[in-house]
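Residue numbering restarts at 1 for every chain, and letters A, B, ... go by the order of the sequence lines. Fair warning: this is a prediction, and the values are worked out from it, not measured in the lab.
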Amino acid sequence: MDKHYDPSDIEKKWFPHWENSGAFKGGRRPDAQPYCIVIPPPNVTGSLHVGHALNNTLQDVLCRFERLRGKDVLWQPGVDHAGIATQMVVERQLAAEGLDRRDMGREAFLERVWKWKEESGGTIENQLKRLGSSADWSRSRFTMDEGLSKAVVKVFVQYHREGLIYRDKRLVNWDPKFRTAISDLEVEQREVDGNFWHLAYPVDGSDERIIVATTRPETMLGDTAVAVHPEDDRYRHLVGKMVRLPLTDRLIPIIADEHADPEQGSGAVKITPAHDFNDFEVGKRNDLEMINIFDQHAAINENAPEKYRGMSREEARKAVVADLDALGVLVKIEPKRIMMPYGDRSGVVIEPWLTDQWYVDAKTLAGPAIEAVRSGKTKFVPGNWEKTYYQWMENIQPWCISRQLWWGHQIPAWYGPDGTVYVAESEEEAQAQAGEGVALTRDEDVLDTWFSSALWPFSTLGWPEDTPDVKRFYPTATLVTAFDIIFFWVARMMMSGLHFMNEVPFKDVYITSLVRDEKGDKMSKSKGNVIDPLDFINKYGADALRFTMASLETQGRDIKLSESRVEGYRNFGTKLWNAARFCEMNGIGGSRDLTPPPATLSVNRWIIGEIGKAAELVTKSLEAFRFDAAANAIYHFTWGTFCDWYLELIKPTLMGKDGAEKDETRAVAGWVLDQILVLLHPFMPFITEELWHALYEGDRDDLIEARWPVVRADAVDAEADAELTWIVDLISATRSARSEANIPAGAKVSVLVQETREERLLWLARNGDLILRLGRLASITPTEYLPNKGAVQFVMDGASFAIPLEGVIDLGEERARLDKAIAKTEKEINALSGRLSNEKFVANAPDEVVAEARNRLEQERDQLEKLKAAKARLG
RNA sequence: GGGCGCGUAGCUCAGGGGUAGAGCACUGUGUUCACACCGCAGGGGUCGCAGGUUCAAAUCCUGCCGCGCCCA
């Protein structure tokens with residue numbers, strides 16, 4: 001083995017090896033229990049960010065864990081076609097060449113997009129591979145694949161047949177930049193500085209004016225009513241009268257509608273049904289005219305007075321406000337923080353716009369999806385996300401699925417000359433429906449990308465074909481995703497999965513934390529605090545990044561990622577590397593057995609129990625999605641137990657003469673190291689695979705396909721455990737005493753111990769060499785009487801110890817040291833005896849708690865006595 | 001306004017009725033041969049505040065204060 005641990009060499013070596021060996025392939029263990037995770041498909045335009053790194057680390061940990069446990073694991077990868085984002089990218093490229101998609105035509109444009117996809121679409125997959133993701137890359141799917149497209153068409157047609165997809169004219173969120181409708185979820189509400197413009201509209205045939213306040217004065221050109229609250233006495237006499245709408249020649253009615261809030265502004269409100277969601281409802285209730293004053297660019301159209309036509313929203317606002325002011329209609333401008341809708345991709349203000357679009361009847365589909373979570377068929381982890389899910393599902397709105405784009409699944413609907421719509425899986429079928437000779441035109445629009453993503457857990461497995469994979473891997477086991485797409489994606493997969501497969505798409509939904517920067521700020525390009533996970537991989541290795549992600553992943557708290565953590569876990573890799581190198585130098589190699597080798601030495605029996613405890617902790621933690629606890633358990637065992645104690649404890653044996661004890665120790669050490677490698681493999685796959693082979697003589701199967709440890713906490717040998725605990729405590733106490741007494745590290749000192757208990761004396765005799773070595777001692781000798789002065793003294797486990805250092809020690813310091821220990825012990829005694837003298841405690845507390853307290857009190861009293869005696873000896 | 005969550009060591013966070021923990025940082029020290037990306041030893045906390053339940057509260061309950069997120 002190399003003296004230095006270099007992650008990059010190892011990573012380059014093992015990933016292709018695994019991939020070529022077929023280790024990632026699903027379906028290779030036909031007799032085993034299937035375990036399937038579908039990847040949350042990243043955008044084809046995407047590149048790896050820390051959210052992906054976290055999410056995919058966790059998925060890979062689970063997949064590798066279950067693979068090691070013998071399951072037939074399929075991690076299904078792929079990417080989605082990201083309709084708007086991709087079209088943007090390609091249009092930008094075209095613009096740089098002076099081209100416009102509308103000039104080149106749909107077909108040529110789509111060719112261009114596919115070409116872009118072939119060249120640049122693989123970026124994110126390659127980055128996920130750098131992370132070590134053990135997905136079955138040979139099956140990677142794309143939402144625009146032929147098969148997945150077929151699934152989309154089938155779903156659309158069937159939903160339509162069942163009345164769950166319909167075409168409707170209503171207000172949509174219109175993105176004037178991309179000139180497409182978007183769904184509610186793609187709209188961000190942002191609070192911005194705005195105004196309330198107070199306008200005094202003249203009441204027709206009267207001198208009265210009625211004041212309305214609006215945040216969007218330009219929309220007054222489309223007003224078709226003024227509403228007041230039916231109970232509002234101030235306006236009761238005006239209801240039914242008409243207002244002469246300034247700047248236009250129109251007369252609009254004053255109506256009574258509960259939408260008008262008497263507390264808000266003047267209590268009267270202008271109604272623009274074609275440009276506001278609330279007003280739209282008012283308009284429907286009151287049968288108002290709907291005047292659309294904007295075109296698809298959100299510029300004023302021909303329904304407004306000629307003067308304003310062609311103006312943008314912003315220009316129109318200025319002109320309208322100026323004109324109203326000139327007319328004396330504008331009575332007040334009141335600055336106000338207001339909520340404005342923005343497109344999440346375009347960043348422009350969204351316009352509520354009246355158009356024909358396709359909708360999914362989400363309300364109907366939500367019923368079974370809610371029930372599936374209520375009944376526990378699908379569980380959210382952590383469970384509190386279920387509330388979020390219910391809340392949204394119970395208030396779900398129709399889902400607008402049509403987009404005025406070219407890149408995506410074109411809607412399988414054809415229109416006859418009279419506007420009749422024919423929905424069918426192919427043009428031939430549509431023609432058959434329409435009858436021969438009827439000229440058909442296909443709907444130009446495409447579907448929301450999420451419409452195809454909603455089918456991901458079964459479309460990627462081959463549906464609508466009746467494939468063996470669908471049978472075997474659906475429903476999938478676990479979905480790992482972030483909370484921000486519970487609505488976008490999880491809910492919609494639940495709906496379509498239940499509808500088409502009659503079964504939930506996944507049993508557990510693990511909601512990951514959100515990764516923030518080390519100050520706790522959300523990462524964003526504009527803030528410039530984005531951490532590129534590839535930088536960390538390059539600097540510290542993928543294993544270190546993965547381990548960091550896992551160990552920071554706690555349930556219900558955001559992750560603050562800092563470089564020092566990644567560095568620390570790289571150091572952990574180095575530590576393991578060096579420990580393995582030490583093993584190699586001492587003839588310790590990989591084991592051929594799953595079960596522990598026979599062990600007679602206490603230290604070996606002890607470490608077998610310790611790894612058993614660690615294995616149980618890691619296993620249970622992973623089963624409960626406690627990634628932090630699992631990572632910490634293996635970290636602590638490896639560093640704190642195996643390296644710090646076990647390897648030190650076996651050094652004398654390894655350095656000693658050959659024989660049965662040495663053979664046994666080598667076998668146990670090799671076996672334990674193997675267990676570490678397996679337990680750590682899900683978190684640090686590269687270094688563990690490297691060491692797995694480096695330590696083994698001859699060829700062995702890859703670690704990725706090894707078996708998860710079978711030892712558990714019941715491997716603990718109580719006697720060995722007691723003995724080693726004693727040894728460890730004794731060495732620690734010795735080190736403390738000499739450090740506190742400033743005994744130079746290089747000085748070998750002698751220790752006297754006042755000990756009569758047979759078992760301890762036996763332990764001492766048996767482990768003397770170890771204790772001398774690790775405590776830097778010249779000797780340790782049982783004695784009846786401890787020296788009267790000039791010794792550093794300590795008490796441990798009911799025995800008194802002394803390090804005679806005549807003339808060297810500082811008596812004052814030594815007394816202070818013992819006083820400190822005495823004070824600490826007395827404090828314990830007070831607390832314990834206080835509790836035990838409380839009758840209610842003795843009566844009510846569980847027996848073992850009381851017994852424990854009594855036991856401890858006795859020990860503390862014994863300790864106190866010995867400490868006092870030690871102090872007395874100092875004189 | 002509705003919902004969710006978080007305040008524990010300097011920092012980042014576990015724990016979740018019965019002895020307050022980890023990593024990093026910090027202080028001291030460095031002994032022979034795995035490792036200074038290291039070893040050994042050590043300091044550091046009225047567990048946000050106030051009530052309540054209990055023999056016992058950091059932990060459960062209520063209220064308050066502070067911070068964050070989601071939805072309207």
Side-chain angles (χ1 to χ4, degrees), chain A residues 1 3-5 184-185 189 339 382-392 395 483-484 486-487 513-514 516 518-522 540-541 544 548 551-586 588 621 626 628-629 631-633 635-636 639-640 643-644 647-648 651 654-655 731-748 773-776 824 827-828 831-832 834-846 848-850 852-853 856-857 859-860:
Chain A
M1 282 175 64
K3 188 156 188 214
H4 292 287
Y5 162 51
D184 300 347
L185 289 174
Q189 299 291 337
M339 298 301 285
N384 50 299
W385 290 108
E386 287 177 9
K387 266 203 163 156
T388 306
Y389 173 83
Y390 292 140
Q391 207 175 333
W392 188 68
N395 297 293
F483 73 87
D484 52 345
I486 291 177
F487 307 145
S513 313
L514 188 73
R516 298 166 174 279
E518 55 193 312
K519 286 187 293 228
D521 290 334
K522 213 166 166 174
Y540 302 110
T548 307
S551 68
L552 292 177
E553 174 64 13
T554 61
Q555 291 182 3
R557 196 192 273 264
D558 291 342
I559 289 179
K560 290 179 194 157
L561 183 62
S562 75
E563 181 161 357
S564 67
R565 287 301 281 258
V566 187
E567 187 186 4
Y569 291 122
R570 187 275 320 267
N571 295 353
F572 174 56
T574 305
K575 184 77 182 176
L576 175 66
W577 184 265
N578 285 313
R581 211 158 57 83
F582 170 80
C583 288
E584 186 191 44
M585 289 170 178
N586 285 282
I588 294 165
S621 299
R626 289 302 311 259
D628 60 329
N632 291 337
Y635 179 96
H636 281 126
W639 200 318
C643 292
D644 287 349
L647 290 184
E648 296 303 325
K651 274 179 182 173
L654 295 174
M655 308 292 171
I731 293 167
S732 300
T734 310
R735 285 168 170 172
S736 282
R738 53 183 299 160
S739 169
E740 280 170 16
N742 295 313
I743 297 171
K748 290 208 172 185
R773 183 193 160 92
L774 297 184
R776 298 294 301 163
K824 199 177 154 200
K827 200 178 148 201
E828 283 296 311
L832 286 164
R835 256 207 281 172
L836 283 164
S837 60
N838 181 347
E839 283 170 28
K840 286 180 174 172
F841 170 70
V842 179
N844 293 327
E848 64 268 23
V849 172
V850 178
E852 166 86 22
R856 273 186 49 221
L857 179 60
Q859 282 174 20
E860 295 289 347

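Nearest to the side chain of A:Arg626, among B:A14, B:A41, B:C13, sits B:A14. Candidate nucleotides B:C35, B:G42, B:G7 were compared by shortest atom distance to the side chain of A:Glu648, and B:C35 ranks first. Across B:C35, B:U31, B:C40, the shortest atom-to-atom separation from the side chain of A:Ala745 is found for B:U31.
Nucleotides B:G45 and B:G21, compared at atom C1', are 11 Å apart to the nearest Å. Nucleotides B:G17 and B:C61 place their P atoms 10 Å apart, quoted to the nearest Å. B:C49 and B:G42 are spaced 33 Å apart, taking the C1' atom of each and rounding to whole Å. Spacing of C1' atoms, B:A22 relative to B:G63, comes out at 33 Å, to the nearest Å. The separation of B:U62 from B:G1, taken at their C1' atoms, amounts to 22 Å, rounded to a whole angstrom. Taking the P atom of each, B:A58 and B:A20 are spaced 9 Å apart, rounded to whole Å. Of the C1' atoms belonging to B:G43 and B:G5, the separation is 34 Å, rounded to the nearest Å. Atom name C1', nucleotides B:A9 and B:U27: the rounded distance is 15 Å, in whole Å.
In this structure, A:Phe582 places its CZ atom 14 Å from P of B:G39, rounding to the nearest Å. As rounded to whole Å, 12 Å separates atom P of B:C40 from atom CG of A:Leu647. Note: CG (A:Asn384) to P (B:G2) measures 19 Å, nearest angstrom. The distance from atom OH of A:Tyr389 to atom C1' of B:C70 is 17 Å, rounded to the nearest whole Å. We find that NZ of A:Lys651 is positioned 9 Å from C1' of B:C33, with the value rounded to whole Å. Per the geometry, CG belonging to A:Asn395 stands 9 Å off C1' belonging to B:C71, to the nearest Å. When the C1' atom of B:A41 is taken as reference, atom CG of A:Leu774 falls 15 Å away, rounded to whole Å. Between A:Glu740 atom CD and B:C40 atom P the separation is 16 Å, expressed in whole Å.
As judged by a 4.0 angstrom heavy-atom cut-off over every strand, A:Asn742 is placed among residues making no nucleic acid contact. When heavy atoms are screened at a 4.0 angstrom cut-off, A:Glu567 is found touching no nucleic acid atom at all. Residue A:Cys583 is out of contact with every strand shown, counting any heavy-atom pair closer than 4.0 Å. Contact annotation for A:Asp484: no contact, since no heavy-atom pair falls under 4.0 Å across all strands. If you check every strand for non-hydrogen atoms under 4.0 Å, A:Arg570 touches a base. A:Lys824 comes within 4.0 angstrom of no nucleic acid atom, judged by non-hydrogen atoms across all strands. Note on A:Thr554: only backbone sugar-phosphate atoms sit closer than 4.0 angstrom, heavy atoms only; bases stay farther off. Base engagement by A:Lys575 is indicated by at least one non-hydrogen atom pair under 4.0 Å involving a base atom. Across all strands shown, A:Arg776 has heavy atoms under 4.0 Å from base atoms, whether or not it also approaches the sugar-phosphate.
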| Worked check of side-chain contact (heavy atoms from CB on, under 4.5 Å) between A:Leu836 and A:Val850 | CA-CA 8 Å; A:Leu836 283 164; A:Val850 178; 4.1 Å; yes
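Between the side chains of A:Ser551 and A:Tyr569, a donor-acceptor pair is found at a separation under 3.5 Å.
Close to B:C13, at under 4.0 Å from its OP1 or OP2, lies a side-chain N or O of A:Lys560. Between A:Trp639 and the phosphate of B:G39, there is a side-chain N or O to OP1/OP2 separation shorter than 4.0 Å. In this structure, A:Thr388 does not reach the B:C71 phosphate: none of its side-chain N or O atoms is under 4.0 Å from OP1 or OP2. Proximity of A:Arg557 to the phosphate of B:G7: a side-chain N or O atom is located under 4.0 Å from OP1 or OP2.
The heavy-atom pair separating A:Arg738 from A:Gly775 by the smallest distance is NH1-O, 3.0 Å. Taking both residues in full, the closest heavy atoms of A:Lys575 and A:Cys643 are given as CE-CB, 3.8 Å, listed atom of the first, atom of the second, then distance.
For the side chain to side chain contact (heavy atoms under 4.5 Å, CB included) with A:Thr548, the lone residue among A:Arg570, A:Arg565, A:Glu567 that qualifies is A:Arg565.
Remark: A:Lys651 engages A:Glu648 in a salt bridge, criterion side-chain N to carboxylate O under 4.0 Å.
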| remark: Encoded 5' to 3' (Watson-Crick or G-U under 3.5 Å; [ ] crossing; | other strand), RNA chain B becomes (((((((..((((....[..)))).(((((.......))))).....(((((..]....)))))))))))).
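A heavy-atom distance below 4.5 Å is found between the side chains of A:Phe582 and A:Leu647. Counting heavy atoms from C-beta on, the side chains of A:Tyr5 and A:Leu576 never come closer than 4.5 Å. Put simply, the side chain of A:Tyr540 reaches to within 4.5 Å of the side chain of A:Glu563, judged on heavy atoms. Taking the side chain as every heavy atom from C-beta outward, A:Lys560 and A:Leu552 never approach each other to under 4.5 Å. A:Leu185 has its side chain within reach of A:Trp392: a pair of non-hydrogen atoms, C-beta onward, lies under 4.5 Å apart.
Judged as a salt bridge (charged side-chain N to carboxylate O under 4.0 Å, His left out), and not counting sequence neighbours, the contacts of A:Asp558 are A:Arg516.
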| field | Contact state string [nucleotides 16-22 of chain B, B base, S sugar-phosphate only, - no protein heavy atom under 4.0 Å] | value | --BB--S
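The residue among A:Gln391 and A:Asn586 whose nearest nucleotide of RNA chain B is located toward the 5' end is A:Gln391. Toward the 5' end of RNA chain B, the nearer of the two residues A:Thr574 and A:Ser739, judged by each one's closest nucleotide, is A:Thr574.
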